[in-house]
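A short write-up of the structure that comes next.
Hydrogens, waters and symmetry mates are skipped; everything else that's a heavy atom, side chains included, is used. Order of the sequence lines sets the chain letters (A, B, ...), proteins ahead of strands, with each chain counted from 1.
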Protein chains: 2
Amino acid sequence: MMELTRKGEYAIRGIIYLAQQPPGRVSLISEIAAAAEVPQTFLAKIFQSFAKLGLVTSSRGTGGGFVLARPASAITLREVVEAVEGPILPNRCLLGSACDRGGPCRVHAVWKQVQTEVVHILDGVTIDTLARNP
Amino acid sequence: MMELTRKGEYAIRGIIYLAQQPPGRVSLISEIAAAAEVPQTFLAKIFQSFAKLGLVTSSRGTGGGFVLARPASAITLREVVEAVEGPILPNRCLLGSACDRGGPCRVHAVWKQVQTEVVHILDGVTIDTLARNP
DNA sequence: TATAAAGGGGATCAAATTGGTCCTAAAGGT
DNA sequence: ACCTTTAGGACCAATTTGATCCCCTTTATA
């Protein structure tokens with residue numbers, strides 16, 4: 001239960017690689033894909049999401065590629081994961097207010113607590129931290 | 001991300017209904033399914049899992065049905081969820097020791113922490129508590 | 001000892017999601 | 001012009017999810 005998908009896995013590996021490059025250094029998607037051992041076309045889609053959300057900046061043409069849009073210490077694991085997997089949401093009922101057939105369900109508060117805790121943990125981890133890891 | 005499936009949702013609804021019955025009272029799967037508003041054949045499968053894991057006891061034939069195998073206060077939400085969704089496992093890498101291409105991945109400790117927290121929350125909630133909820 | 005009333009278990013199936021490819025367009029450098 | 005590189009959409013196969021169906025076994029009781 002609650003498993004990260006390949007997409008999430010790849011997203012993390014890819015952005016960690018970017019974070020390990022010298023600041024300002026532009027990386028090609030082909031380079032990132034090779035280093036992170038991820039299918040290139042798939043990773044390209046992932047980085048499109050990153051770009052749209054402002055986690056990375058992209059440039060086209062010769063000399064183009066991807067760079068972090070912010071210092072790695074200002075990008076959280078939560079942002080990266082949510083960029084490709086959508087919001088942390090242990091149960092659909094956390095979206096609307098009425099989840100059960102009439103009124104909030106009996107487990108509502110528990111899922112809310114799970115959500116809060118997970119978000120808190122992932123918010124506390126930056127890509128910088130992960131990139132510097134042993 | 002991390003969404004509970006219908007199966008998990010149904011499992012919880014079904015066992016809460018059982019917990020709300022007078023102690024010892026046998027409930028038919030048809031009765032539970034109607035009350036919980038869950039497809040009966042699907043719920044039957046779910047309760048088979050419960051029975052195999054010893055959360056409920058089942059009896060066949062006339063007068064048969066399902067009863068909680070333990071007091072509702074001794075059944076945790078975690079047991080119910082894991083019975084049908086498998087173990088709480090934010091990342092595959094939490095199974096083996098080496099997750100990344102050689103050695104544990106950089107995010108390993110984070111997923112471990114998420115797992116521990118979620119397990120802790122769900123372990124702290126009993127079916128009894130849910131059944132008595134407003 | 002039939003027979004009806006349950007649950008057990010396997011096979012099967014459609015729909016949704018996941019994981020991934022391909023192609024064409026657009027943008028930028030030479 | 002022409003090459004390089006990302007953008008975006010269409011498309012596709014495999015897997016998972018969400019069921020349904022059918023036949024078997026167990027059990028009470030008429």
Margin query: How many whole angstroms separate atom CG of B:L28 from atom P of C:dA4?
Written below: 18 Å
Note to self: If you apply the rule salt bridge (Lys or Arg N to Asp or Glu O under 4.0 Å), what do you find for A:R78 with A:E85, and how did you get there?
What the structure shows: CA-CA 10 Å; A:R78 178 197 175 190; A:E85 306 255 25; over 6 Å; no
Margin query: Which is more 5' along DNA chain D, the nucleotide nearest A:K45 or the one nearest B:T62? Just name the residue.
Written below: A:K45
Check: Is the shortest side-chain N/O distance from A:S58 to OP1 or OP2 of D:dA7 below 4.0 Å?
Finding: yes
Next item on the list: Rounded off to whole Å, could you give me the CZ-to-C1' distance for the A:R60 and D:dC2 pair?
Entry: 17 Å
Next item on the list: Assign each of A:G61 and A:P39 to its nearest nucleotide of DNA chain C by heavy atoms, then name whichever residue's nucleotide is nearer the 5' end.
Entry: A:P39
Note to self: Rounded to whole Å, please give me the gap between CD1 in B:I46 and C1' in C:dG9.
What the structure shows: 16 Å
Notebook entry, point to check: So does B:Q48 get a side-chain nitrogen or oxygen closer than 4.0 Å to the phosphate oxygens (OP1/OP2) of C:dG7?
Noted result: no
Margin query: Can you confirm whether A:I88 sits close enough to A:E82 that some side-chain heavy atom of one is under 4.5 Å from a side-chain heavy atom of the other?
Written below: yes
Next item on the list: Take the protein atom CD of B:E3 and the nucleotide atom P of D:dT16, then report the distance between them rounded to whole Å.
Entry: 18 Å
Item checked: Single-linkage hydrophobic cluster, 4.5 Å side-chain cutoff, B:I16 and B:V67 together -> no
Margin query: I need the CZ-P distance between B:F42 and C:dG10, as an integer number of Å.
Written below: 17 Å
Notebook entry, point to check: Between atom CE in A:M2 and atom P in D:dT16, what is the gap in whole Å?
Noted result: 19 Å
Margin query: Any base atoms under 4.0 Å from A:T5, or only sugar-phosphate, or nothing? Heavy atoms, all strands.
Written below: sugar-phosphate
Note to self: Using the rule given for salt bridge (Lys or Arg N to Asp or Glu O under 4.0 Å), can you reason through B:K112 versus B:E117, listing the C-alpha separation, both sets of side-chain angles and the distance that settles it, and then say yes or no?
What the structure shows: CA-CA 9 Å; B:K112 186 71 200 166; B:E117 262 308 321; over 6 Å; no
Next item on the list: Mind checking B:F66 for me? I need base, sugar-phosphate or nothing, with any heavy atom below 4.0 Å counting as a touch.
Entry: sugar-phosphate
Next item on the list: Look at all strands and tell whether A:S59 reaches a base, only sugar-phosphate, or nothing, counting heavy atoms closer than 4.0 Å.
Entry: sugar-phosphate
Checklist line | d(CD, A:Q40; P, C:dG19) in whole Å | finding: 19 Å
Next item on the list: Answer yes or no: is there a side-chain heavy-atom contact under 4.5 Å between A:L55 and A:F47?
Entry: no
Item checked: Separation of D:dT20 P from B:L43 CG (nearest whole Å) -> 12 Å
Notebook entry, point to check: Nearest to the side chain of B:A51 - D:dG18, C:dG20, C:dG8?
Noted result: C:dG8
Next item on the list: Report yes if at least one side-chain N or O of A:Y10 is closer than 4.0 Å to OP1 or OP2 of C:dG19; otherwise report no.
Entry: no
